[in-house]
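Report on the following structure.
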Amino acid sequence: MPLVPALGLDANAQPDRVPVEPVASGTGHAETGIEPRRVALVIGNEDYRDDPLASPVNDARAISAALESRGFEVMRQENLDAQGMQTTLREFSRRLDAGGIGLFYFAGHGLQVRDRTLLVPVDADERFPARLLTHGMDLHAILEAMSRPRPDKLNIVILDACLDNPFGNPFGTPSATPAASLPETAQQTIVAYATRPGAPAAEDARHGLYTAALLQAIADPDLDIEAMLHLAAGTVLQRSKQRQLPWMASSLSSRFAFTGAAQGKQVQTLALTGQEAASALRSRGVIPKDSAEQYELTFWDSIKDSTHASDYEAYLQAYPNGRFAALAKARIARLRAAAPKAETPQEEAQPATKAAPPTQPAPKPAERARSAPARKAAPERASPAPAAPSQAEAPPSTAGRVSELKDCPECPALIGLPHGTFTMGSNASDPSEKPAHQVTIRTPFAIGKYEVTVAQWNACADAGGCPKIAGDTSQGANMPMRNVSWDDTQQYMKWLGKVSGKPYRLPTEAEWEFAARGGTSTRYWWGEQMSKGKANCKECGGPWHPEGPENVGSFAPNPYGLYDMNGSVWEWVSDCWHNSFKGAPGDGRAWNDPNCRVRVIRGGSWREGASYMPVTTRFKYDASVRQAQNGFRVARDLK
């Protein structure tokens, strides 16, 4: 039962729209006319640490509504970590024990490595590539969980995720690995993939390309499941201009249609405009920060001191002929000889550099980001108040170049910066930082001396201008405010403008890098090499605590007198995300697009290592997402 194109062997064929009689296959109820129970598990994962997505939560909510309208009892979960995905799958399997029809839907990051299709939890860390393999949810485990409690009953699995291999093949090129197939135990099962093996799946700001087409197809009550999937596949192929070809694996012996349980509800239908379709092709693949060659080195470096054979097995699965394959095999043999009992990957200890997965239930939809563990109140660390510079090191002299100002008692302290020209980005690092280009800041501006603190956010929240965000507003007053979305920052700016009478805003990305460089042109503001005690990151020297950032002002300022531009928390800037600096404005203005929902964050956080501390490091997040590592600092024009 191998995978086949969802449109048959001819990728250019148009789907048939042949009405069929509604039949419930493999349920044991077709002859009696009794409608079988329908249970669905729907998961939307988008709040990934290294490569957040824009629309899986929207996908999950829309699919859930469509399934409920067709009589399904829906378990919907959003932004699950590895533990949450396993726990939820076990509960789903338990509910299926009563029989009936089972449906599993997933939207988020996925990958295919040789014969394994893996769904990625939100706590996957690309700095530890083995975790993508050891903590990803295997499709075969899903099929087993659905089939075991009710053999020969109907199972439907729909995956709106990529099937490419981040460990080897270039983005968008077909994989040479064999396609996955259904295990023999998965009878009366159909698996629909958003894309062919080895290829990416696309999304726009609202929905995955495949899910949008599927929602339209579900609205047709006369199609059986295979005809519905063929119709969705044809829509995807057309809208992607033949670039995304859905695939399907099936062991069904008869037909099943959703008709008969609509209960008078309307199924949502969607229609993408030509402009949306043209902009939709953003991949849901796990894209490493490094090149393929460098990523193998990153993989090996992350496990080279591991005492778990499963880490070396994961390396061999990703790189069976890799440069460290012989060494990996030797270490597996040595570890097994020393500990003959089989390892259980779920019980492995996490590396010291990574926080343990949270054990809290999945967050509510309105609180999609994962919160950091609460700090204990007793050992609160003392630090200078934000208005006073750190005792660690006085800033280099900038007399005549910068000045400090404060617009109101509640306002953050600002550093006024002059106009100037600098080289933005880097040609020797991540592709998103290329090309290095000259930018001229034409007018002076002021930027926060520190990141906005918890106390400053609380002042806005107490006045009713900002939302109260659980988990952070009760923390130390001088800690940087975090777990705020880009949209949240706009509320703070609006409130700050009212109390100060000044037009506050986020800095542009160019202004942020100009300020972070502090007049230097090196990799870090202090030089070309990493130096301990200059930034708040896990490899940057003390003080450092894994559960959260230090108080603002705990480290040395840069030459402009600005604190924590490297590490501490990622900082929102005003610009829309672009995959590179090609076409970027050269005058320091924000680079924005109509209907922009994905924004830039800069600077790294305390959770990252030294590789994220260079002044050019940049990343992205959906503007509406709150994430425990994301904060901000303010800016305004000087006139």
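All values below were derived from every heavy atom in this structure, side-chain atoms included, with hydrogens, water molecules and symmetry-related copies excluded.
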- Item | Check against side chain to side chain contact (heavy atoms under 4.5 Å, CB included), Leu163 and Trp247 | CA-CA 10 Å; Leu163 292 179; Trp247 279 54; 5.8 Å; no

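- Using modelled atom types, no side-chain atom of Tyr312 and backbone atom of Leu335 make a donor-acceptor pair closer than 3.5 Å.
- Summarising the geometry of Gly136 relative to Leu118, their closest heavy-atom pair is O-CD2, 4.0 Å, with the distance given to 0.1 Å.
- Between the side chain of Thr88 and the backbone N or O of Met85 there is no donor-acceptor pair closer than 3.5 Å.
- Side-chain atoms of Ser93 come within 3.5 Å of backbone N or O of Ala145 as a donor-acceptor pair.
- Using bins of under 30°, 30° to 60° and over 60° for the plane-to-plane angle, the ring pair His109/Tyr48 lands in the tilted bin.
- Side-chain contact between Leu316 and Glu313 is absent, with no heavy-atom pair separated by less than 4.5 Å.
- Residues Ile158 and Tyr210 have side chains in contact (heavy-atom distance under 4.5 Å, counting atoms from C-beta outward).
- When all heavy atoms of Thr189 and Ser147 are compared, the closest pair comes out as OG1-OG, 4.4 Å.
- The shortest non-hydrogen separation linking Ala219 to Arg70 is O-NH2, 3.9 Å.
- Atom CG of residue Leu89 and atom CZ of residue Arg94 lie 13.0 Å apart, to the nearest 0.5 angstrom.
- Residues Phe106 and Ile142 form no side-chain contact, since every pair of their non-hydrogen atoms from C-beta on lies 4.5 Å or further apart.
- In terms of heavy atoms, Ala40 sits closest to Phe92 at C-CE1, 3.8 Å.
- Within the 4.5 Å cutoff, side-chain heavy atoms of Pro56 are placed close to those of Glu203.
- Side-chain contact between Pro52 and Val625: absent, with no pair of heavy atoms (C-beta onward) separated by less than 4.5 Å.
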- Task: Dump the intermediate steps for side chain to side chain contact (heavy atoms under 4.5 Å, CB included) on Leu159 and Phe104, then the final yes or no.
- Result: CA-CA 8 Å; Leu159 306 180; Phe104 177 92; 4.0 Å; yes

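- Although no hydrogens or angles enter the test, the distance criterion places a donor-acceptor pair under 3.5 Å between the side chain of Ser251 and the main chain of Gln188.
- Distance check: Arg38 CZ to Leu103 CG gives 10.0 Å after rounding to the nearest 0.5 Å.
- With rounding to the nearest 0.5 angstrom, the SG atom of Cys162 is 8.0 Å from the CD atom of Gln244.
- Closest of all the heavy-atom pairs between Ala194 and Ala161 is CB-N, 4.1 Å.
- If you take OG on Ser55 and CZ on Arg206, they are separated by 10.0 Å, rounding to the nearest 0.5 Å.
- Residues Ile601 and Tyr621 come closest through the heavy atom pair CD1-CD1, 3.7 Å.
- Two residues are said to be in side-chain contact when any heavy atoms from C-beta on lie closer than 4.5 Å; Leu154 and Ile225 fail this criterion.
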- Query: Given Ser605 and Glu608, is the side chain to side chain donor-acceptor pair (under 3.5 Å) satisfied, shown in steps?
  - Reply: CA-CA 6 Å; Ser605 81; Glu608 272 75 50; 2.6 Å; yes

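- In this structure a side-chain-to-backbone donor-acceptor pair under 3.5 Å is present from Arg150 to Met146.
- Ser250 and Glu226 form a side-chain donor-acceptor contact under 3.5 Å, judged by distance and modelled atom types alone.
- Ile63 contributes atom CD1, which lies 4.5 Å from atom CG of Leu214 (distance to the nearest 0.5 angstrom).
- Not a single donor-acceptor pair under 3.5 Å links the side chain of Asp311 to the backbone N or O of Ser306.
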- Message: Pair Asn45, Leu119 - check side chain to side chain contact (heavy atoms under 4.5 Å, CB included), show working.
- Response: CA-CA 9 Å; Asn45 279 358; Leu119 310 181; over 6 Å; no

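- Note that CD of Gln629 and CG of Asn483 are 10.0 Å apart. Values are rounded to the nearest 0.5 Å.
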- Query: Can you list the steps and then say if Arg331 with Lys304 is a side chain to side chain contact (heavy atoms under 4.5 Å, CB included)?
  - Reply: CA-CA 10 Å; Arg331 291 192 178 177; Lys304 64 182 180 181; 4.1 Å; yes

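- Within the 4.5 Å cutoff, side-chain heavy atoms of Arg597 are placed close to those of Ser624.
- Residues Tyr193 and Leu139 meet the side-chain proximity criterion, which asks for heavy atoms closer than 4.5 Å.
- Remark: side-chain polar atoms of Asn79 are paired, donor with acceptor, to backbone N or O of Glu46 under 3.5 angstrom.
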